[in-house]
Amino acid sequence: MELFNVYPLVNITPVKALGAKLWDDQGQEYLDFYGGHAVISIGHSHPHYVQRLTEQLQNIGFYSNSVQIPIQTQLAHKLGQVSGYEDYALFLCNSGAEANENALKLASFHTGKTRVVAFKGAFHGRTSGAVAATDNPKIVAPFNAGHAISFLEYDLAAVKTTLQGGDVCAVIIEPIQGVGGIIMPSDEFLQGLATLCKQYGVILIADEVQSGYGRSGKFFAHQHAGIRPDIISVAKGMGNGFPIGGILIAPELKASYGLLGTTFGGNHLACAAALAVLEVIEQENLLAHAAEMGDYLRTELLAHAGAEEIRGRGLMVGIKYDFPIKEVRDKLLLEHHIFVGNASDPTVLRLLPPLNISKVEVDRFLQALYALTEKSVEIIQQASALD
């Protein structure tokens, strides 16, 4: 049997990782400025993380949600404390797509309605409802396309008109769009959106799968706007590589037996990983560090990157150029041995390093980027002169 070939792969095989560094099977060292799609939050193989998982595995790794699992309660209490949502409830699952799927389902159960409002450029996952709310027709199968979804711009008047239709169960929004190219609705838009959702009895879902867990310099990116969504979806950086996701649920939404469910969600190992992440975030003051390093990174990029726009908050950064960045991205990886990301916009370079990235490592990335983009700009200018 062969693997189902759906991923374009670079010819690199990482076999070891520590902090913000990777080593391949040839012994080559790489700087990880992408964290496997924002998953690596506290650095690869953090000693506390390794210890937590090892100790848990030596006791029990899994049993189903039909028994008492105290570590789930420990995780819920710690997450509430660190995030500022102690009055919310936690449902655990396995991934960001599953988190968003359950968020949409819960909103529909609660309101008895079907329509979902999402936004242009959105990415919420690849499961049935989540992919329908994703603004990319190429990955929406006919089977998924039957959901009632309205894709809107960041326009409060358009949102109000749609909510007045009376059939909307939920508005789902990324406080910072990741795949879309580090696009941020304004704080004022998020505040107005929250007000409209309350006015019309619609559940507001903040998709913090990529932007959460300290990435923006606050625990959740929506906290910059001072709003409190009804449901918050989390995953990626939650487990630092161990599969885990969840939704934080406002007290107004009530649970009942069988309403939601999962086989593997909230298993002992996943909870141990998630607790380790929260403990390291607290112990190493990573929210403040992410904010500080993000400010430094964006300030340097604004001054020297020669870009059209520097986007984002904290260590969730998009660099928009006036040319496709594929060659720059490839050369960063193959010549300078630095992993970075792209976006659905081919002119945007996406940066999602671990929250404990050092200034020395940031400077190493900046020096490599400046060298490559200066060459790219020169080539483009020469080509333009020949036209």
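We number each residue from 1, following the sequence as shown.
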Given side chains that start at C-beta, do those of [X] and [Y] come closer than 4.5 Å, heavy atoms only?
| X | Y | answer |
| --- | --- | --- |
| Thr111 | Val202 | no |
| Glu335 | Leu372 | yes |
| Val171 | Thr162 | no |
| Ile69 | Asn267 | no |
| Lys113 | Val168 | no |
| Phe33 | Ile357 | yes |
| Leu79 | Tyr85 | no |
| Ile173 | Val117 | no |

With a 6.0 Å cut-off (strictly less than), is the heavy-atom count around [atom1] of [X], excluding the residue itself, greater than 12?
| X | atom1 | answer |
| --- | --- | --- |
| Glu29 | CD | yes |
| Tyr63 | OH | no |
| His337 | NE2 | yes |
| Arg364 | CZ | yes |

Would you say [Y] ends up clustered with [X] if hydrophobic residues are merged whenever their side chains have heavy atoms under 4.5 Å apart, either directly or through other cluster members?
| X | Y | answer |
| --- | --- | --- |
| Met293 | Ile319 | yes |
| Met184 | Ile310 | no |
| Ile325 | Val317 | yes |
| Val340 | Leu315 | yes |
| Phe123 | Val6 | no |

Is the backbone N or O of [Y] less than 3.5 Å from a side-chain atom of [X], with the two atoms forming a donor-acceptor pair by type?
| X | Y | result |
| --- | --- | --- |
| Asp24 | Thr13 | no |
| Lys254 | Pro251 | yes |
| Glu174 | Ser211 | no |
| Arg52 | Leu269 | no |
| His147 | Val116 | no |
| Asn100 | His124 | yes |
| Gln223 | Ser83 | yes |

Note to self: For residues 169-189, which residue pairs pass the ring-ring contact (aromatic ring centres under 6.0 Å, His included) check, not counting sequence neighbours?
What the structure shows: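 Output for this query lists Phe119-Phe189, Tyr154-Phe189.
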
State the [atom1]-[atom2] distance between [X] and [Y], to the nearest 0.5 angstrom.
| X | Y | atom1 | atom2 | result |
| --- | --- | --- | --- | --- |
| Leu22 | Asp32 | CG | CG | 4.5 Å |
| Leu104 | Phe109 | CG | CZ | 12.5 Å |
| Gln191 | Leu193 | CD | CG | 11.0 Å |
| Glu98 | Ile247 | CD | CD1 | 9.5 Å |
| Leu287 | Tyr213 | CG | OH | 11.5 Å |
| Thr195 | Leu190 | OG1 | CG | 11.0 Å |

Checklist line | Asp187 and Arg313 ion-paired at < 4.0 Å | finding: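 Arg313 and Asp187: salt-bridged.
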
Checklist line | Contacts of type salt bridge (charged side-chain N to carboxylate O under 4.0 Å, His left out), residue Glu153, not counting sequence neighbours | finding: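 Here the qualifying residues are Lys120.
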
Next item on the list: Identify, with sequence neighbours excluded, every residue that meets side-chain hydrogen bond (donor to acceptor under 3.5 Å, both in side chains) alongside Thr127.
Entry: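 Only Glu101 meet the side-chain hydrogen bond (donor to acceptor under 3.5 Å, both in side chains) criterion with Thr127.
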
Notebook entry, point to check: Taking only residues two or more places apart in sequence, or in another chain, which ones meet Gln72 in a side-chain hydrogen bond (donor to acceptor under 3.5 Å, both in side chains)?
Noted result: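 Testing Gln72 for side-chain hydrogen bond (donor to acceptor under 3.5 Å, both in side chains), a comparison that skips the adjacent residues, returns Asn65.
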
For [X] versus [Y], what's the shortest heavy-atom pair and its separation?
| X | Y | value |
| --- | --- | --- |
| Val234 | Ala99 | O-CB, 3.8 Å |
| Ala368 | Leu332 | CB-CD2, 3.8 Å |
| Gly181 | Ala343 | CA-CB, 3.6 Å |
| Ala170 | Ala107 | CB-CB, 3.7 Å |
| Ile244 | Ala270 | CD1-O, 3.6 Å |
| Pro229 | Ala206 | CG-CB, 3.5 Å |

Next item on the list: Not counting sequence neighbours, which residues clear side chain to side chain contact (heavy atoms under 4.5 Å, CB included) with Lys320? List them please.
Entry: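 By the side chain to side chain contact (heavy atoms under 4.5 Å, CB included) rule, Lys320 matches Glu308, Glu309, Arg311, Asp345, Thr347, Val348.
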
Item checked: Asn240 versus His46, side-chain donor and acceptor atoms under 3.5 Å ->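 The criterion, which ignores hydrogens and geometry beyond distance, is not satisfied for Asn240 and His46.
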
Next item on the list: Please check if any side-chain donor atom of His222 sits under 3.5 Å from a side-chain acceptor atom of Glu208, or the reverse.
Entry: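 On atom types as modelled, these side chains qualify, holding a pair under 3.5 Å.
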
Margin query: Counting the benzene-type ring for Trp, do Tyr34 and Phe339 have ring centres under 6.0 Å apart?
Written below: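 Ring-ring flag for Tyr34/Phe339: false, centres at least 6.0 Å apart.
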
Check: How far apart are the C-alpha atoms of Leu92 and Cys271, what are their side-chain angles, what is the distance that settles it, and do they pass the side chain to side chain contact (heavy atoms under 4.5 Å, CB included) test?
Finding: CA-CA 9 Å; Leu92 292 164; Cys271 289; 3.9 Å; yes

Item checked: Evaluation steps, side chain to side chain contact (heavy atoms under 4.5 Å, CB included), between Val179 and Arg350 -> CA-CA 9 Å; Val179 174; Arg350 191 159 43 129; 4.3 Å; yes

Margin query: Under 4.5 Å side-chain heavy-atom separation, chaining through any Ile, Leu, Val, Met, Phe, Trp or Tyr, what else clusters with Phe62? Say none if it is isolated.
Written below: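 Reading the cluster by chain and number, Phe62 sits alongside Phe264.
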
Next item on the list: Identify the residue among Val10, Ile338, Leu31 that makes a side-chain contact (heavy atoms from CB on, under 4.5 Å) with Leu333.
Entry: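 Between Leu333 and the candidates, side-chain contact (heavy atoms from CB on, under 4.5 Å) is satisfied uniquely by Val10.
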
Notebook entry, point to check: Pick one: which of Leu355, Ile42, Leu275 meets side-chain contact (heavy atoms from CB on, under 4.5 Å) with Val280?
Noted result: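 By the side-chain contact (heavy atoms from CB on, under 4.5 Å) criterion, Val280 pairs with just one of Leu355, Ile42, Leu275: Ile42.
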
Next item on the list: Check the pair Leu369, Leu301 against side chain to side chain contact (heavy atoms under 4.5 Å, CB included), reporting the backbone distance first and the verdict last.
Entry: CA-CA 10 Å; Leu369 178 70; Leu301 290 169; 3.6 Å; yes

Notebook entry, point to check: What's the verdict on side chain to side chain contact (heavy atoms under 4.5 Å, CB included) for Glu361 and Lys21, showing C-alpha distance, side-chain angles and the deciding distance?
Noted result: CA-CA 10 Å; Glu361 290 163 334; Lys21 294 178 180 177; 4.1 Å; yes

